[in-house]
Amino acid sequence: MHDNDCLFCKIINGDIPSAKVYEDEYVFAFRDINPQAPVHILVVPKEHISCADEINETNSANVAKCFEAIAKIAKAEGLDKGYRVINNCGEYGGQTVMHLHFHIIGGTKLSEKVI
Ligand code: 5GP
Ligand code: ZN
C-alpha cells in the first residue's frame with residue numbers, strides 16, 4: 001500500500017531517484033541526501049507505515065525485515081566497529097518525513113549521544 005503524496009514511497013517506486021544500497025521484497029535502503037556521517041543510510045519498509053507509533057501486530061514483520069536488512073547493510077558497508085540506528089518519531093521526535101525509516105549512521109566514531 002502506497003501513499004501518493006509520500007516522498008519515500010516515491011523513492012521506493014523510482015519516481016524520485018535515490019542512491020540505492022539495498023532492496024528486497026519488504027525493504028528499500030538508500031543514502032541520505034544530507035549525510036551526518038561518512039555512512040548515512042535510510043532503511044524503510046516498502047509498506048507505507050507513517051511512523052513508529054503506527055507499528056502494530058499486523059505490520060510489525062516489516063520492522064523485523066528492516067533490522068535484518070540493517071545487519072546485512074552494515075556488513076556490506078564495512079561497519080565492523082559499530083554504528084548507530086536512529087528512528088525519529090513524530091513532531092517532538094524530530095521526524096520530518098512521515099514514512100517510517102531507520103537511519104544507519106556510521107563510518108566514524110560517533111560522539112553525540114542522546115542516551
Ligand atoms: P527524519 O528527520 O524524518 O528522521 O529523516 C528524514 C531524512 O530524510 C533526513 O535525514 C533527510 O536528509 C532525508 N531526506 C529528505 N529528503 C530526501 C530525499 O529526497 N532523498 C534522500 N536520499 N534523503 C532525503
Ligand atoms: Zn510512504
Side-chain angles (χ1 to χ4, degrees):
M1 210 169 28
H2 296 120
D3 179 336
N4 288 333
D5 293 327
C6 171
L7 175 66
F8 286 175
C9 282
K10 288 177 182 164
I11 285 177
I12 294 162
N13 290 339
D15 294 339
I16 292 176
S18 69
K20 181 171 86 171
V21 297
Y22 177 86
E23 181 175 14
D24 66 29
E25 186 180 349
Y26 302 98
V27 179
F28 195 89
F30 52 99
R31 297 195 191 279
D32 196 292
I33 205 166
N34 182 24
Q36 303 299 308
V39 175
H40 187 171
I41 293 166
L42 301 174
V43 180
V44 310
K46 286 187 171 178
E47 180 174 324
H48 180 87
I49 300 168
S50 60
C51 61
D53 206 39
E54 295 294 321
I55 297 167
N56 56 46
E57 62 185 7
T58 303
N59 62 23
S60 62
N62 292 287
V63 179
K65 291 294 181 188
C66 282
F67 276 83
E68 289 177 29
I70 286 167
K72 289 179 191 168
I73 293 163
K75 289 176 182 68
E77 295 286 325
L79 303 179
D80 51 301
K81 290 189 171 171
Y83 53 93
R84 195 169 289 156
V85 178
I86 296 172
N87 170 256
N88 298 320
C89 179
E91 183 187 352
Y92 277 21
Q95 185 177 4
T96 58
V97 179
M98 292 307 291
H99 181 127
L100 179 66
H101 53 279
F102 300 99
H103 300 253
I104 302 175
I105 309 276
T108 189
K109 184 155 173 51
L110 302 170
S111 52
E112 284 177 44
K113 265 187 107 182
V114 177
I115 294 171

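Indexing begins at 1, ligand by ligand and atom by atom, following the structure's order.
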Inset, instruction - Just to the nearest 10 degrees, tell me the angle at the Zn ion (ligand 2) spanned by C6 SG and H48 ND1. - result: 110°
Inset, instruction - Among H103, H101, H40, Q36, find the residue that satisfies the side-chain contact (heavy atoms from CB on, under 4.5 Å) test when tested with I86. - result: H103
Legend entry - Closest candidate by heavy atom, reference atom 17 (C) of ligand 1, pool L42, I33, N87: I33
Legend entry - R84 and K113: CA distance, side-chain angles, deciding distance, side chain to side chain contact (heavy atoms under 4.5 Å, CB included) verdict: CA-CA 10 Å; R84 195 169 289 156; K113 265 187 107 182; 3.4 Å; yes
Legend entry - Heavy-atom check, side chain of V27 versus side chain of Y22, under 4.5 Å: yes
Inset, instruction - For G107 and L79, work out which heavy atoms get closest and say how close. - result: N-CD2, 3.5 Å
Inset, instruction - Among all protein heavy atoms, pick out the one at the shortest distance from atom 22 (N) of ligand 1; state its residue, atom name and that distance to 0.1 Å. - result: R31 O, 2.9 Å
Legend entry - ligand 1 contact on I11 by region, counting heavy-atom pairs under 4.0 Å: side chain
Legend entry - Polar atom proximity, V97 to ligand 1 (N or O, under 3.5 Å): yes
Inset, instruction - Kindly identify the option in T96, N34, D32 whose heavy atom sits closest to atom 11 (C) of ligand 1. - result: D32
Inset, instruction - Check N62 against P45 and note the closest heavy-atom contact, atom names and distance. - result: CB-CB, 3.9 Å
Legend entry - Contacting atoms of ligand 1, where contact means under 4.0 angstrom from a heavy atom of F30: 21 (C), 22 (N)
Legend entry - Side-chain heavy atoms of F67 within contact of V43, under 4.5 Å: no
Legend entry - ND1 (H99) to the Zn ion (ligand 2) to SG (C9) angle, given to the nearest 10 degrees: 110°
Inset, instruction - State, to 0.1 Å, how close Y83 and I105 come at their nearest heavy-atom pair, and which atoms those are. - result: CB-O, 3.3 Å
Inset, instruction - Pull out every atom of ligand 1 sitting under 4.0 Å from any heavy atom of G94, numbered as shown with elements. - result: 2 (O)
Inset, instruction - Decide side chain to side chain contact (heavy atoms under 4.5 Å, CB included) for H99 and I49; before the verdict, give the C-alpha distance in whole Å, the side-chain angles of both, and the deciding distance to 0.1 Å. - result: CA-CA 6 Å; H99 181 127; I49 300 168; over 6 Å; no
Legend entry - ligand 1 contacted by H101 (non-hydrogen, < 4.0 Å): yes
Inset, instruction - Any atoms of ligand 1 less than 4.0 Å from a non-hydrogen atom of Q95? List them with their elements. - result: 3 (O)
Inset, instruction - List the steps and the verdict of side chain to side chain contact (heavy atoms under 4.5 Å, CB included) for I41 and E77. - result: CA-CA 10 Å; I41 293 166; E77 295 286 325; 3.7 Å; yes
Inset, instruction - Could you tell me if any non-hydrogen atom of S18 lies under 4.0 Å from any atom of ligand 1? - result: no
Inset, instruction - Please state whether H103 comes within less than 4.0 angstrom of ligand 1, counting heavy atoms only. - result: yes
Legend entry - Part of I86 with heavy atoms under 4.0 Å of ligand 1, whether side chain, backbone, both or neither: neither
Inset, instruction - Ignoring angles and geometry beyond distance, decide whether H40 reaches within less than 3.5 Å of ligand 1 through its nitrogen or oxygen atoms. - result: no
Inset, instruction - Would you mind reporting whether C89 and N87 have side-chain heavy atoms less than 4.5 Å apart? - result: yes
Legend entry - Residue portion contacting ligand 1 (non-hydrogen atoms closer than 4.0 Å) for I16: neither
Inset, instruction - Consider every N or O of L7 and every N or O of ligand 1, then say whether any pair is closer than 3.5 Å. - result: no
Legend entry - Ligand-side contact atoms (ligand 1) for residue partner F8, heavy atom cut-off under 4.0 Å: 8 (O)
Legend entry - K46/E23 ion pair, N-O < 4.0 Å: yes
Inset, instruction - Specify side chain, backbone, both or neither for F102, according to which of its non-hydrogen atoms lie closer than 4.0 Å to ligand 1. - result: neither
